[in-house]
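The structure appears right after this line, and notes come after that.
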Amino acid sequence: MNLVSLKDWSTTDIIEVVEGSIAVKNNPEGYANATSRRSLAMLFQKTSTRTRCAGEVGMTQLGGHSVYLDWRTTNFALADLRDEIRVLSAYSDAILARFLKHSDVVQAAESATVPLINGCCDRYHPTQALGDLMTIQEKCGRIEGVKLTYVGVHNNVCNSLITAGLKTGMEVTVVAPEMNPAAVDEELYEAARKAGTYTVSDQLHQAIVNSDIVYTDTWVDMEFFTDPAFKEEKERRIETLSPYQLNAELLVGQDVLVMHCLPAHRGYEISGEIVEDPRSIMFDQSENRLHSMKGLILKLLGAL
Ligand code: CP
Ligand code: NVA
């Protein structure tokens, strides 16, 4: 079993990981040897704080081991991706891979002979969505019927929230004047629209009023944030998106929880004041990346 996108997963499997992750969080000692003598290979083409630490620390807390591979210091760049993934499969019990391109995630999953986890590509971020579902279950006591509005640039994180909504009955409204071209997945939007779990809106205030949760993410994905070739586009986006910043004025009087996958770019998609606001649950959310990664690893290794 792989995790390329939650699109490929059943509702039952998703809920099992969410509930398992909460169980692991509440009783870490009970799982201290659950992956004893097993190894997770972690291959990263992009930077990471949360996903890398969740995989590395999580595997240690489960009694196993992880090996971190920065793409640039491996021989992946010299070789055929499929060959190197076959090699990693022989050394490890599972692979966590953060590739730039979704097509590479798909190719790696096809070549791997152990479970492969997509650690965030240009189209999906499924491990983020699992942690988010866990956080929503903890904070709201349910997932089905929860109303979440995503504000900003429609990207990989937004897609994974829409997928999570489709599978669980969480209602996702997207207010996004921009979309990352690499993220477009019309088949997903069509399915989620039909299921009644996905709506697009240009009425920001109205969408927030109707929400339990407001969620945002960066306007520029990490691989482009400091890229000189993206400078002009970044400036254009800042100009277009500034009315969509989550700030005290926009959220005044709103009884909502505020989520962000982090890293936050204070002063861009969100103000520092809202990061620190009592309605912000983003640090619980980021802590849950660890617990949910542990739940996911246990599920994929048949140990949940
Ligand atoms: N939210 C998230 O995936 O963070 P990192 O990019 O730091 O892993
Ligand atoms: N959407 C952003 C943040 C993911 C954690 C990105 O891909 O860089």
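No hydrogens, no waters, no symmetry mates; every other heavy atom, side chains included, goes into these values. Remember, it's 1-based here, ligands and their atoms both numbered in the order they're listed. Computed from a predicted structure; not experimentally measured.
- Between Asp221 and ligand 2, at least one pair of N/O atoms sits closer than 3.5 Å.
- In summary, the side chains of Glu138 and Asn288 do present a donor paired with an acceptor at a separation below 3.5 Å, with no hydrogens or angles considered.
- Close approach of ligand 1 to Arg289 is summarised as follows: ligand atoms under 4.0 Å from at least one heavy atom of the residue are 1 (N), 2 (C), 3 (O).
- Ligand 2 has no nitrogen or oxygen under 3.5 angstrom from a nitrogen or oxygen of His125.
- Below 3.5 Å of separation, one finds an N or O of Met222 facing an N or O of ligand 2.
- When each of His265, Gln285, Glu269 is checked for a side-chain hydrogen bond (donor to acceptor under 3.5 Å, both in side chains) with His260, only Glu269 meets the rule.
- Distances below 4.0 Å separate heavy atoms of Asn155 from the following atoms of ligand 2: 1 (N).
- Using a 4.0 Å cut-off between charged nitrogen and carboxylate oxygen, Asp13 and Lys299 count as a salt-bridge pair.
- Geometrically, ligand 1 and Cys261 share a nitrogen or oxygen pair separated by less than 3.5 Å.
- Counting heavy atoms from C-beta on, the side chains of Arg279 and Ile274 come closer than 4.5 Å.
- Using the six-membered ring where Trp is involved, Tyr189 and Tyr198 have ring planes that are tilted, between 30° and 60° apart.
- For a threshold of 3.5 Å applied to N or O pairs, the pair formed by Asn156 and ligand 2 contains at least one separation below that value.
- Using cut-offs of 30° and 60° for the angle between ring planes, the Tyr268 and Trp219 rings count as perpendicular.
- Contacts with ligand 1 closer than 4.0 Å are made by no heavy atom of Thr127, backbone or side chain.
- In summary, the atoms of ligand 1 found under 4.0 Å from a heavy atom of Thr49, numbered by their order in the structure, are 5 (P), 7 (O), 8 (O).
- At least one heavy atom of Met222 sits less than 4.0 Å from an atom of ligand 1.
- The shortest N or O to N or O distance between Arg52 and ligand 1 is not under 3.5 Å.
- Atoms of ligand 1 lying under 4.0 Å from any heavy atom of Arg98, numbered from 1 in the order shown and given with element: 3 (O), 5 (P), 6 (O), 8 (O).
- Looking only at protein heavy atoms, the nearest one to atom 1 (N) of ligand 2 is Asp217 OD2, 2.6 Å.
- No hydrogens or angles considered: nothing links the side chains of His125 and Asn159 as a donor-acceptor pair under 3.5 Å.
- For the side chain to side chain contact (heavy atoms under 4.5 Å, CB included) with Leu148, the qualifying choice from Thr173, Ile136, Asp212, Ile162 is Ile136, the only one to do so.
- Checking Met282, His125, Arg50 against atom 3 (O) of ligand 1, the nearest heavy atom belongs to His125.
- Salt-bridge formation is not detected for the pair Glu223/Lys101: no Lys NZ or Arg NE/NH1/NH2 atom is positioned less than 4.0 Å from an Asp or Glu carboxylate oxygen.
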